[in-house]
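A quick write-up on the structure given underneath.
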Amino acid sequence: MTRLNHPRDERGLAAVFFGLSITVLVAGLGLSIDIGNVAYQRNKAQQAVDNAARQLAKDCAQSPTGTECTALQSAATSIVSLSFDGGSVAASRPTTSKVTVSVQKNVSTPLLGAIGISSRPVAASATASSLGGYPTQGFPVLPLGVGYCTWKNNSGFAGTATEAPHKPSPRTATSQS
């Protein structure tokens with residue numbers, strides 16, 4: 001026989017649910033902090049190798065026998081260390097016009113360590129090429145418009161007899177006919 005007048009005693013049940021939900025929220029926050037730190041370190045590594053590859057490609061194009069090209073590894077390590085701490089840096093020159101820089105590092109994840117993941121590897125690589133002394137990445141030509149007055153004020157050929165062959169010609173994005 002059940003008593004309808006006396007419901008079961010459920011005092012304290014809200015505290016148990018609150019404790020469980022807070023535990024899950026704190027664990028989720030901790031995991032997101034570790035995962036966010038790994039992503040942040042990966043972005044920093046990519047920016048560092050991009051800067052190093054660009055700088056070394058420019059330096060090697062301007063002075064192929066300079067110290068930056070002959071001591072490529074130490075130059076890459078010093079450039080990368082300006083914006084990215086730790087990790088092993090590798091630099092190579094696959095061709096005379098290309099420089100490749102890569103970095104690897106293990107980022108510790110103390111909160112993910114609770115589930116068995118104590119660190120995560122972070123790796124980034126960048127290749128820059130220099131054609132005609134100017135490093136390029138992606139498209140070989142930067143679409144840029146310069147007005148004639150700006151060119152004339154900054155060009156050594158402006159106003160001379162040899163101005164015509166050096167004068168910029170207007171181009172359009174469509175095929176010229």
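Numbers here simply count residues along the sequence, with the first being 1. Model, not experiment: these values are computed from the prediction.
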Supply the members, apart from Val16, of the Ile/Leu/Val/Met/Phe/Trp/Tyr cluster built from side-chain contacts under 4.5 Å; use none for a lone residue.
Leu20

Taking transitive links into account, so neighbours of neighbours count too, which hydrophobic residues share a cluster with Ile33 at under 4.5 Å side-chain distance?
Leu29

Can you pull out every side-chain hydrogen bond (donor to acceptor under 3.5 Å, both in side chains) where at least one residue sits in residues 25-49? Sequence neighbours excluded, please.
Gln46-Asp50

Hydrophobic side-chain clustering at under 4.5 Å (ILVMFWY, transitive links): who's grouped with Ile117? Put none if nobody.
Leu31, Ile35, Leu112, Ile115

Run the side-chain donor-acceptor check on residues 72-88: report pairs under 3.5 Å with partners two or more places apart or on a different chain.
unit_1, atom_1, unit_2, atom_2, d
Gln73, OE1, Ala91, N, 3.0
Gln73, NE2, Val89, O, 2.4
Ser74, OG, Ala71, O, 3.1
Thr77, OG1, Gln73, O, 2.9
Ser78, OG, Ser74, O, 3.4
Ser78, OG, Ala75, O, 2.9
Ser81, OG, Thr77, O, 3.2
Ser81, OG, Ser78, O, 2.9

Looking at Ala124 and Val49, what are the two nearest heavy atoms and their distance?
CB-CG2, 3.9 Å

Thr23 OG1 to Phe18 CZ distance, which is reported to the nearest 0.5 Å:
9.5 Å

Can you list every side-chain hydrogen bond (donor to acceptor under 3.5 Å, both in side chains) pair that touches residues 101-125, not counting sequence neighbours?
none

Begin with the C-alpha distance, continue with both residues' side-chain angles, and end with the deciding distance and a verdict on side-chain hydrogen bond (donor to acceptor under 3.5 Å, both in side chains) for Gln55 and Asp59.
CA-CA 6 Å; Gln55 183 65 39; Asp59 291 345; 3.0 Å; yes

Under the 4.5 Å side-chain heavy-atom rule for ILVMFWY, direct or indirect, which residues accompany Val38?
Val107, Val122

